[in-house]
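The first residue in the sequence is number 1, and the count goes up from there.
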Amino acid sequence: MSLTQDTFAFVADVVRRRSAIQLEAGKEYLVESRLLPLARDSGHPGVDAYIREVRAAHRDSDLVRIVDALTTNETSWFRDNTPFSAVRTHILPTLRAERPVLDTLKVWSAACSTGQEPYSLAMTFTDALGPGARFDITATDLSERVLAQARSGRYSQLEVNRGLPAPMMVRFFQRNGHDWQIADELRRTITFQQHNLLDMPPAGPFDIVFLRNVLIYFDLETKRGILSRVHRVLRPGGFLVLGAAETTIGVDGDWERVPVERGSVYRPIKAGAVPTPRAAPGSLAGTPAPATTSPFGTGAFTAAGATPTTTTRPATARPTTTFPPTRTRPTGSAFEQGVTR
């Protein structure tokens with residue numbers, strides 16, 4: 001069984017508008033394999049019939065499920081190790097050296113999936129900063145499904161076997177039936193909330209931003225927009241940590257690359273300011289993406305995101321930061337615009 005071109009075009013359009021992820025021609029097999037369980041749960045023999053119902057019903061919840069099924073949530077504890085080592089050996093010592101008082105450390109773990117990255121950071125900070133360490137991690141993801149597990153802090157044996165050092169498991173986890181439950185002392189340091197990287201960042205300013213293994217899914221203009229928004233919420237002297245296959249070079253010239261161990265981290269030029277959008281040296285200046293007609297109706301649309309949800313702990317006062325608008329939402333129904341929430 002194979003998808004019709006009309007079905008694939010519809011799904012690719014929805015995913016692009018809501019997450020900026022590009023599903024290029026040739027990914028039909030991926031779309032069909034990911035959406036077939038949704039189709040069968042809805043009583044349809046195949047994806048084409050399911051998508052016909054989705055288009056006729058105009059239920060926003062259907063679009064949320066489609067995007068959730070087609071986004072990648074690969075993660076593990078202390079993934080790639082080098083970034084966490086860099087936190088210990090370079091980032092924290094540099095922040096301490098440059099600031100007379102390093103009060104509460106504020107960190108953003110973007111695209112955090114089921115929570116292994118922010119919990120790995122919490123373990124790293126607890127170990128490196130010692131007793132009485134004060135840090136506050138904001139962890140975000142587009143998917144409410146993965147955030148639900150992250151908030152629970154509960155992981156299977158298979159999940160804890162993926163990169164979690166035995167001493168850390170003994171120190172920070174307890175058995176809970178057949179699963180493992182992370183310590184409340186770590187859960188209290190993390191606020192989980194839904195966030196679309198196409199929208200305004202969480203309230204900063206942040207000392208460190210982890211934005212790993214996600215820019216690779218976006219086109220050049222989307223990468224520049226995300227990096228520009230991250231730039232605005234970093235403190236002067238803050239650090240951006242990207243994935244091993246990602247860089248700001250050739251994308252956004254408002255960052256300084258700092259080699260650390262076997263990789264690199266990045267520091268913003270004029271941190272906290274609103275950077276002037278510009279191409280990096282040696283790259284072509286970008287142009288705005290053309291307006292696209294929605295399959296649900298006529299008119300142009302832009303990618304739209306979500307609003308924050310409840311957190312794992314009582315809300316604490318956060319600084320209020322005002323940003324200039326980065327985009328204009330179109331008129332029309334929420335379903336036509338592709339508004340996630």
Asker: Does any part of the side chain of I66, heavy atoms only, come nearer than 4.5 Å to the side chain of I51, both counted from C-beta?
Answerer: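 The answer is yes; the side chains approach within 4.5 Å.
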Asker: Taking the basic N atoms (NZ, or NE/NH1/NH2) and the acidic carboxylate oxygens, is any pair closer than 4.0 Å for R262 and D80?
Answerer: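 Salt bridge: no.
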Asker: Which atom names give the shortest non-hydrogen contact between I190 and A139, and what distance separates them?
Answerer: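 Distance-wise, the nearest heavy atoms are CG2-CB, 3.9 Å.
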Asker: Quick one: do V146 and L63 end up in the same hydrophobic cluster if we chain Ile, Leu, Val, Met, Phe, Trp and Tyr together by side-chain heavy atoms under 4.5 Å apart?
Answerer: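 Different clusters.
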Asker: Would R134 and D103 pass as an ion pair if we require N to O under 4.0 Å?
Answerer: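 The answer is yes: the pair qualifies as a salt bridge.
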Asker: Taking the side chain as everything from C-beta on, heavy atoms only, tell me whether R99 gets closer than 4.5 Å to D207.
Answerer: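 They are in contact (side-chain heavy atoms under 4.5 Å apart), so the answer is yes.
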Asker: Taking the side chain as everything from C-beta on, heavy atoms only, tell me whether M123 gets closer than 4.5 Å to T126.
Answerer: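 Not in contact.
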Asker: Taking the side chain as every heavy atom from C-beta outward, state whether T71 and Y217 have any atom pair closer than 4.5 Å.
Answerer: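 The answer is no, as the side chains (C-beta and beyond) never meet within the 4.5 Å cut-off.
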Asker: Looking at L30, is its backbone amide N or carbonyl O close enough to the side chain of S33 to form a donor-acceptor pair, meaning the two atoms are under 3.5 Å apart?
Answerer: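 Side chain of S33 to backbone of L30: a pair is present.
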Asker: Judged by atom type as modelled, is there a donor-acceptor pair below 3.5 Å linking the side chain of R34 to the main-chain atoms of A69?
Answerer: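 Flag set: sc R34 to bb A69 pair under 3.5 Å.
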Asker: As an exercise, state the distance from CZ of R212 to CZ of R79, rounded to the nearest 0.5 Å.
Answerer: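 Spacing of CZ (R212) from CZ (R79) equals 6.5 Å.
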Asker: At what distance, to the nearest 0.5 angstrom, does CD1 of I137 lie from CZ of F125?
Answerer: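 If we round to the nearest 0.5 Å, I137:CD1 and F125:CZ are 5.5 Å apart.
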Asker: Which value, rounded to the nearest 0.5 Å, describes the distance between D48 atom CG and L35 atom CG?
Answerer: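 Between atom CG of D48 and atom CG of L35 there are 10.5 Å.
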Asker: List the steps and the verdict of side-chain contact (heavy atoms from CB on, under 4.5 Å) for R65 and R145.
Answerer: CA-CA 9 Å; R65 294 176 70 199; R145 177 179 57 84; over 6 Å; no
Asker: Would L92 and R88 satisfy side-chain contact (heavy atoms from CB on, under 4.5 Å), going step by step from the backbone distance to the final call?
Answerer: CA-CA 6 Å; L92 289 178; R88 294 172 179 270; 5.7 Å; no
Asker: Testing the basics here: between W77 and V160, what is the closest heavy-atom pair and its distance to 0.1 Å?
Answerer: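 Minimum heavy-atom contact is NE1-CA, 3.6 Å.
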Asker: Treat each ILVMFWY residue as a node, draw an edge where side-chain heavy atoms are under 4.5 Å apart, and state whether Y29 and F8 are in one component.
Answerer: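 In one cluster with Y29: F8, yes.
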Asker: Test your reading of the model: is there a side-chain donor-acceptor pair from R187 to the backbone of R151, 3.5 Å cut-off?
Answerer: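 Yes; judged by distance alone, with no hydrogens or angles, the pair exists.
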Asker: Test your reading of the model: is there a side-chain donor-acceptor pair from S152 to the backbone of Q149, 3.5 Å cut-off?
Answerer: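 Side chain of S152 to backbone of Q149, a donor-acceptor pair under 3.5 Å: yes, one is there.
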Asker: Does the pair R224/E221 count as a salt bridge with the N-to-O cut at 4.0 Å?
Answerer: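 Salt bridge present between R224 and E221.
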Asker: So, is the end of the R267 side chain (NZ or CZ) under 6.0 Å from the ring centre of F239 and within 45° of the ring's axis?
Answerer: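 Geometry flag: set, cation within 6.0 Å and 45°.
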Asker: Applying the 4.5 Å side-chain criterion to the ILVMFWY set and letting contacts propagate, would L211 and V251 be lumped into a single cluster?
Answerer: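 Yes, L211 connects to V251 through the hydrophobic network.
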Asker: Looking only at heavy atoms, what is the nearest atom pair of L70 and V31, with distance?
Answerer: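 In this case the closest contact between L70 and V31 is CD2-CA, 3.9 Å.
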Asker: Step by step, would you call V11 with V47 a side-chain contact (heavy atoms from CB on, under 4.5 Å)?
Answerer: CA-CA 10 Å; V11 172; V47 175; 5.6 Å; no
Asker: Among the clusters formed by ILVMFWY side chains lying less than 4.5 Å apart, do F135 and V265 turn up in the same one?
Answerer: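 Yes; V265 is reachable from F135 via cluster members.
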Asker: Should the pair R17-D13 be classified as a salt bridge under the 4.0 Å nitrogen-to-oxygen rule?
Answerer: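 Yes, charged N to carboxylate O under 4.0 Å.
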Asker: With no hydrogens and no angle check, is any side-chain donor or acceptor of R154 less than 3.5 Å from a backbone partner on N176?
Answerer: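 It does hold such a pair.
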Asker: Begin with the C-alpha distance, continue with both residues' side-chain angles, and end with the deciding distance and a verdict on side-chain contact (heavy atoms from CB on, under 4.5 Å) for K223 and D252.
Answerer: CA-CA 8 Å; K223 291 177 183 177; D252 185 346; over 6 Å; no
Asker: Is R52 close to H44 at the side-chain level, that is, under 4.5 Å between some pair of heavy atoms?
Answerer: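 They are not in contact (no side-chain heavy atoms under 4.5 Å apart), so the answer is no.
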Asker: Would a hydrophobic clustering, with Ile, Leu, Val, Met, Phe, Trp and Tyr connected at side-chain separations under 4.5 Å, put L23 with L36?
Answerer: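 In one cluster: yes.
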Asker: Give the intermediate values and the outcome of side chain to side chain donor-acceptor pair (under 3.5 Å) for residues Y50 and T7.
Answerer: CA-CA 10 Å; Y50 170 62; T7 293; over 6 Å; no
Asker: Would you name the heavy atoms of F218 and S19 that are closest together and state the gap between them?
Answerer: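 Shortest heavy-atom separation between F218 and S19 comes out as CE2-O, 3.1 Å.
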Asker: Compare every heavy atom of N213 with every heavy atom of G243, then report the nearest pair and how far apart it is.
Answerer: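 Minimum heavy-atom contact is CA-OD1, 3.6 Å.
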Asker: Take atom CZ of R40 as the centre, draw a 6.0 Å sphere, and report whether it contains more than 12 heavy atoms from other residues, nucleotides or ligands.
Answerer: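 Open.
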Asker: Hey, which of N161, I182, L164 is the one that makes side chain to side chain contact (heavy atoms under 4.5 Å, CB included) with M169?
Answerer: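 Exactly one candidate clears the test, L164.
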Asker: Would you confirm whether D219, through its side chain, and Q22, through its main-chain N or O, come within 3.5 Å as a donor-acceptor pair?
Answerer: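 Side chain of D219 to backbone of Q22, a donor-acceptor pair under 3.5 Å: no, none is there.
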Asker: Of all the heavy-atom pairs spanning D141 and L147, show the shortest one and how long it is.
Answerer: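 Looks like O-CD1, 3.6 Å.
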Asker: Calculate, to the nearest 0.5 Å, the distance between atoms CZ and CH2 belonging to F173 and W180 respectively.
Answerer: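 That separation rounds to 9.0 Å.
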Asker: For the side chain of D68 and the backbone of E144, is there at least one donor-acceptor N/O pair under 3.5 Å apart?
Answerer: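 Side chain of D68 to backbone of E144, a donor-acceptor pair under 3.5 Å: no, none is there.
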Asker: Considering the options D6, D62, V14, which one meets the side chain to side chain contact (heavy atoms under 4.5 Å, CB included) requirement together with R55?
Answerer: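 It is D6, the one option of D6, D62, V14 that forms the side chain to side chain contact (heavy atoms under 4.5 Å, CB included) with R55.
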Asker: Once rounded to the nearest 0.5 Å, what's the spacing between atom CD of E159 and atom OG of S76?
Answerer: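 With rounding to 0.5 Å, CD (E159) is 11.0 Å from OG (S76).
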Asker: Is the Y119 to F84 ring centre distance short of 6.0 Å?
Answerer: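 Not close enough - the centres of the two rings lie 6.0 Å or further apart.
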Asker: Evaluate the side-chain proximity of L227 to L215: yes if any heavy-atom separation is below 4.5 Å, no if none is.
Answerer: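 Touching, per the 4.5 Å side-chain cut-off.
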Asker: For Q174 and A183, indicate whether the former's side chain and the latter's backbone hold a donor-acceptor pair under 3.5 Å.
Answerer: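 Flag not set: sc Q174 to bb A183 has no pair under 3.5 Å.
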Asker: Is there side-chain contact between V233 and M200, with heavy atoms separated by less than 4.5 Å?
Answerer: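 When only atoms from C-beta onward are counted, M200 and V233 do not touch, as no gap falls below 4.5 Å.
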Asker: Judged by atom type as modelled, is there a donor-acceptor pair below 3.5 Å linking the side chain of S120 to the main-chain atoms of F78?
Answerer: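 Confirmed, S120 side chain pairs with F78 backbone.
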Asker: Apply side chain to side chain donor-acceptor pair (under 3.5 Å) to residues S85 and E261 and explain how you reach the verdict.
Answerer: CA-CA 8 Å; S85 177; E261 298 187 4; 2.7 Å; yes
Asker: Would you check if W255 and V230 make a side-chain contact, meaning some heavy-atom pair closer than 4.5 Å?
Answerer: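 They are in contact (side-chain heavy atoms under 4.5 Å apart), so the answer is yes.
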Asker: Measuring from K106:NZ to R235:CZ, what's the distance to the nearest 0.5 Å?
Answerer: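 It is 7.0 Å, given to the nearest 0.5 Å.
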Asker: Would you find a donor on one side and an acceptor on the other, under 3.5 Å apart, between the side chain of Y266 and the backbone of I249?
Answerer: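 No; judged by distance alone, with no hydrogens or angles, the pair does not exist.
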